[in-house]
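First comes the structure, then the notes that go with it.
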Amino acid sequence: MRHPRCPRPPGSQPRARRLLAAGTALAAGLALAVTGPAPASAAAPAAETGTRTASVTGGTPAGALTTRTAPAAAGAFNYAEALQKSLYFYEAQQSGPLPAWNRVSWRGDSALTDGADVGLDLTGGWYDAGDHVKFGFPMAFSATMLAWGAVEYRAGYVASGQLPHLLNNLRFVNDYFIRAHPAPNVLYGQVGNGDDDHKWWGPAEVLPMARPAYKIDASCGGADLAGETAAAMAASSMVFRPTDAAYADRLLGHAKQLHTFADTVRRNYHECITDATSFYRSWSGWQDELVWSAIWLHRATGEAAYLAKAESEYDKLGTENQSTTRSYKWTIAWDNKQFGAYVLLANLTGRQKYVDDANRWLDYWTVGVNGQRVPYSPGGMAVLDSWGALRYAANTAFAALVYSDKTTDATRKARYHDFAVRQIDYALGDNPRASSYVIGFGANPPKNPHHRTAHGSWWDSQTVPAETRHTLYGALVGGPSAPNDAYTDNRSDYVMNEVATDYNAGFSSALARLAQEYGGTPLAGFPRAETPDIDELTVETTVMQAEPRATGLKAIVYNKSAFPARALTDGKFRYYFRPDGTGPVTVTPGYTQGCPSPSTARQFSGDVWYVEVDCTGHTIAPAGQSQHRMEVQFKIGVPEGGTWDPTNDPSYQPAAGPNRKVTLYSGATRVWGEEPGPATPDTTAPTVPGTPVASAVTATGLTLTWPASTDAGGSGLAGYEVTRAQVGSDALVRLDAATNSLAVTGLLPERTYRFTVRARDGAGNRSAASPVAEVTTPVAPAPDTVAPTRPGTPTASAVTATGLTLSWAASTDNVGVTGYRVYRSAAGGDTLVGSPTGTTLAVTGLTAATAYQFHVVAVDAAGNASAASAPVAVTTADPPASGGCAVTWTTSGWDSGFTANVTLTNTGTTAIDGWTLAFTFPHAGQKVGQGWSATWTQTGAAVTATSLSYNGRLAPGASTSFGFNGTHTGSNPKPAAFTLNGTPCTVA
């Protein structure tokens with residue numbers, strides 16, 4: 001299941017659950033069958049002759065035309081082009097930093113922090129479908145099927161010119177599997193929470209939600225997930241063996257470890273990665289992956305032990321309901337691999353029981369078994385299940401080709417071959433609609449797949465925009481959902497119009513086989529880079545108030561980017577105007593959605609000025625109705641008595657709408673709008689500052705102030721340079737001042753000093769020097785030799801095992817006490833532990849259950865020290881109990897929303913069995929929304945997170961992570977304190 005928040009049709013179920021409800025030859029064998037002859041009005045087609053027959057049920061509706069299952073013509077389509085585009089689809093599914101060879105011009109880097117919550121780099125891999133979860137189970141199956149096609153039909157990839165692209169894509173996904181397998185018995189099988197991901201409809205490059213990583217390990221394993229990943233890496237090692245033996249060896253090493261892990265743990269992975277249960281639960285269990293991975297390890301290594309393992313486990317594979325007959329009424333797909341095992345073991349060993357199982361299965365898909373056959377449409381499509389029916393037909397077609405190439409049964413060789421070609425040709429356009437089901441290929445292909453990034457919405461909506469913005473070349477859609485050849489190209493129909501990596505896997509491998517047989521030519525110059533369909537980054541303006549002396553404006557920045565989608569985090573825009581007359585200009589801030597509303601104006605060139613709104617640090621991204629826009633209001637005008645005419649302003653636009661005369665920048669790059677013209681350099685110096693005046697004159701310092709300068713050159717006043725000269729000395733000292741006042745220190749008593757001031761502007765222009773101010777410092781006061789009075793006896797409070805707080809009565813001094821020195825007394829002498837300016841000190845780093853003695857000395861500005869206070873003796877508390885905890889809190893936010901991630905660590909020496917973490921929000925406006933990996937409750941500002949069944953036990957030193965999406969009003973500070981089961985935790 002990959003659909004987002006859209007409701008399911010009545011009676012429908014998640015994709016994984018549909019396997020059980022739709023028929024499952026996998027478990028219950030609930031075939032839609034009628035034994036014996038079919039009614040005359042429901043004639044079913046014969047697979048090879050094309051004539052009507054009454055001996056096979058599950059066929060066409062009443063009055064339907066006879067189904068043709070043989071191919072229309074050899075090489076009816078350009079299979080090399082179809083394969084070329086099918087591989088391109090995998091590049092559109094790439095997550096993480098994109099490799100240089102990625103050919104999808106409208107994709108960018110995404111999900112660059114995957115794995116950060118567990119301290120690993122889990123970037124890379126494929127997004128599953130039209131969503132953005134990385135489900136490891138179907139991803140591994142997709143890789144296995146792609147690799148299998150190259151193992152069998154490498155020549156087809158070479159002939160079609162697609163081998164380099166296949167190797168690139170297989171290496172990309174296997175590199176991810178390597179990162180996801182950091183230890184022999186640890187495998188990360190999912191990144192991203194399915195429900196949270198599916199609630200949002202937007203491009204991968206601006207994902208707004210947290211993406212937790214989920215794993216299996218020795219304590220909670222998954223033989224199905226580990227086994228399928230082992231199969232993928234073993235099969236891929238065979239593909240890389242001729243060109244990169246070292247990489248092949250690396251993959252094989254991981255595959256062996258994962259197969260051993262699967263064989264040892266023998267458990268379903270959804271029991272541990274519980275979030276996968278509603279999406280990719282393996283309803284067939286793990287036995288098929290155990291056999292499947294052993295077969296692939298035998299093929300990759302040549303070791304007989306793996307073949308023996310596969311054969312010894314084979315008889316435990318699924319059977320038809322209440323039967324000992326091996327299952328045959330389903331097919332090879334992401335869940336069940338036993339059908340592929342039939343074919344591989346039959347081809348590898350020639351043993352009759354494997355041959356019989358393979359024949360029975362493929363006969364069910366062609367001529368029928370015991371009067372039952374997979375349903376067919378009038379146009380010849382084999383329809384196993386409603387959801388993604390073409391995917392099942394393509395997977396079966398590929399396996400049929402592999403088997404037909406090796407079988408010695410001439411009748412079945414032709415039967416299975418022709419069936420496979422017929423199914424692939426149907427998908428490519430040989431069907432009653434005369435339409436392709438591969439996007440960007442053939443006649444009348446689909447244009448609106450259920451795919452977020454290809455759609456390119458900025459509104460978090462499947463209907464905005466109406467048209468899909470990108471061509472998702474090569475993606476095979478689900479196709480007709482019933483055996484009636486009916487199809488609707490509707491983005492919201494995830495049954496017919498879903499696309500996924502597993503849909504294209506067997507399909508690609510079958511195309512390689514047909515390209516090897518029938519030839520074909522890939523398109524030259526494919527793909528061509530797409531160009532934006534609309535202005536992606538814009539500024540719209542609306543005149544809110546047209547007043548006699550001012551113009552009130554609303555400016556909105558829009559981000560509708562999709563080529564690729566990108567967040568604007570360093571944006572700024574400028575509104576240009578012309579002041580009238582010589583009076584001052586006033587800029588009044590107004591409402592803002594987030595970016596600071598402006599309050600000043602700057603000269604651009606000549607009589608053209610501008611107001612700049614700097615949104616640096618605020619995110620404007622095509623991620624939702626409010627997230628894709630940023631509104632700022634302001635007013636520009638003149639004070640009472642001034643004149644104002646907005647009609648001559650370069651950016652003035654009376655009608656509301658996009659305004660190209662307002663410039664938008666990303667950093668230093670202009671991304672929208674036109675500047676009025678080249679800026680004129682500022683060569684005008686500021687006016688001369690007034691005569692400095694000295695005040696607060698002492699023997700060693702004074703304060704200078706002077707009348708401020710003004711600057712008319714446009715770059716603005718930047719500061720002042722103060723020059724100090726001592727009479728009788730040639731030395732000049734330059735001092736810098738930001739404003740028209742400066743505190744001067746370091747003077748000598750009884751000396752005469754002369755000061756002048758120059759102003760400077762933003763362009764570096766300097767004014768002439770001000771008139772001279774001459775000042776003589778007075779005689780220095782007599783030195784202070786009076787020590788402060790003795791401090792009061794310290795008292796200790798807040799005594800813990802490692803620290804305490806000391807406080808004491810203050811000392812007095814004729815000049816003033818500047819601070820205190822706190823000493824710890826010991827046999828070897830006194831140790832200074834702190835020098836506070838006040839009368840308290842927090843002492844840390846002490847040893848538990850230990851006696852200490854402290855005293856205090858006061859110090860004045862002249863360095864005179866008082867007599868020591870009376871000492872205080874104190875003994876630290878006993879060490880804490882064995883329990884302990886630490887909490888790390890991180891957030892990422894947008895507008896009034898945020899995502900909080902919490903990591904809880906057991907810092908104690910005993911295990912924690914079940915936990916409740918409690919904290920209080922600092923602000924009343926902070927609210928917990930959707931949470932994960934804990935049960936969240938909130939009462940007022942008080943919040944608790946309680947462990948779930950799988951993460952409640954924390955061994956000493958162990959950690960667990962959980963979190964939530966929340967909202968806030970105003971600021972969003974983190975909680976100051978946390979308690980675990982009532983005990984305070986340290987906060988990182």
Side-chain angles (χ1 to χ4, degrees), residues 22-23 32 38 41-54 56-79 82 331 362 364-368 372-398 400-401 415-439 441-447 475-490 493 495-499 503 506-507 510-511 514 518:
L32 301 175
S41 62
E48 298 187 89
T49 64
T51 60
R52 294 178 182 269
T53 176
V56 179
T57 63
T60 60
L65 297 177
T66 306
T67 300
R68 174 171 51 81
T69 59
F77 294 94
N78 186 349
Y79 301 115
T331 196
L362 292 174
Y364 177 74
W365 277 79
T366 52
V367 296
Q372 296 179 335
R373 187 182 69 163
V374 69
Y376 271 78
S377 73
M381 174 185 170
V383 183
L384 177 68
D385 186 40
S386 62
W387 198 317
L390 282 175
R391 162 266 314 267
Y392 295 122
N395 287 352
T396 310
F398 168 62
L401 288 167
R415 174 190 303 164
Y416 300 156
H417 172 275
D418 291 351
F419 155 80
V421 177
R422 181 75 194 96
Q423 296 306 306
I424 299 303
D425 283 356
Y426 184 100
L428 295 178
D430 183 9
N431 53 62
R433 295 181 59 250
S435 298
S436 168
Y437 290 104
V438 179
I439 298 172
F441 177 88
N444 190 30
K447 295 181 179 179
L476 176 69
V477 299
S481 59
N484 58 9
D485 300 309
Y487 169 78
T488 303
D489 185 14
N490 186 331
D493 188 342
V495 174
M496 290 192 188
N497 245 28
E498 180 136 53
V499 296
Y503 284 28
F507 179 65
L511 289 172
L514 298 184
Y518 298 117

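Values in this document were obtained by computation on a predicted structure and should not be read as measured data.
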Just so I know, are the side chains of Tyr518 and Phe77 near enough to count as touching, which here means a heavy-atom distance under 4.5 Å? no
Minimum heavy-atom distance Met496-Thr488, with the two atoms named: SD-N, 3.5 Å
Would you sort out whether Phe507 and Val438 count as a side chain to side chain contact (heavy atoms under 4.5 Å, CB included), showing the intermediate values? CA-CA 10 Å; Phe507 179 65; Val438 179; 3.6 Å; yes
Is there a side chain to side chain contact (heavy atoms under 4.5 Å, CB included) between Tyr392 and Val383? Walk through the geometry before answering. CA-CA 8 Å; Tyr392 295 122; Val383 183; over 6 Å; no
Can you name the nearest heavy-atom pair linking Ala389 to Pro480, along with the distance? CB-O, 3.6 Å
What's the spacing between Phe441 CZ and Leu476 CG if we round to 0.5 Å? 11.5 Å
Taking the side chain as C-beta and beyond, is there a heavy-atom pair between Asn431 and Met381 under 4.5 Å? no
Residue pair Ala420 / Ala397: nearest heavy atoms and the distance that separates them: CB-O, 3.3 Å
We want to know whether Asp489 and Asn497 form a side-chain donor-acceptor pair, criterion being a heavy-atom distance below 3.5 angstrom. yes
Just to verify, what does Pro432 make a side chain to side chain contact (heavy atoms under 4.5 Å, CB included) with, not counting sequence neighbours? Tyr426, Asp485
Looking at residues at least two apart in the chain, or sitting in another chain, which of them share a side chain to side chain contact (heavy atoms under 4.5 Å, CB included) with Ala382? Trp365, Val374, Tyr376, Phe419, Gln423
Side-chain (Arg415) to main-chain (Val367) donor-acceptor, under 3.5 angstrom: no
Any Asn444 side-chain heavy atom under 4.5 Å of Arg433 side chain: yes
Evaluate Tyr79 against Leu428 for side chain to side chain contact (heavy atoms under 4.5 Å, CB included), listing each step before the verdict. CA-CA 9 Å; Tyr79 301 115; Leu428 295 178; 3.7 Å; yes
Dump the intermediate steps for side chain to side chain contact (heavy atoms under 4.5 Å, CB included) on Tyr416 and Leu401, then the final yes or no. CA-CA 7 Å; Tyr416 300 156; Leu401 288 167; over 6 Å; no
Got Tyr503 and Glu498 here, is their nearest side-chain heavy-atom distance under 4.5 Å? yes
For Ser481, check side-chain hydrogen bond (donor to acceptor under 3.5 Å, both in side chains) against everything at least two apart and list the hits. none
Counting C-beta onward and ignoring hydrogens, is there a side-chain heavy-atom pair between Leu362 and Thr396 closer than 4.5 Å? yes
Any idea which heavy atoms bring Ile439 and Pro445 closest together, and the distance? CA-CB, 4.2 Å
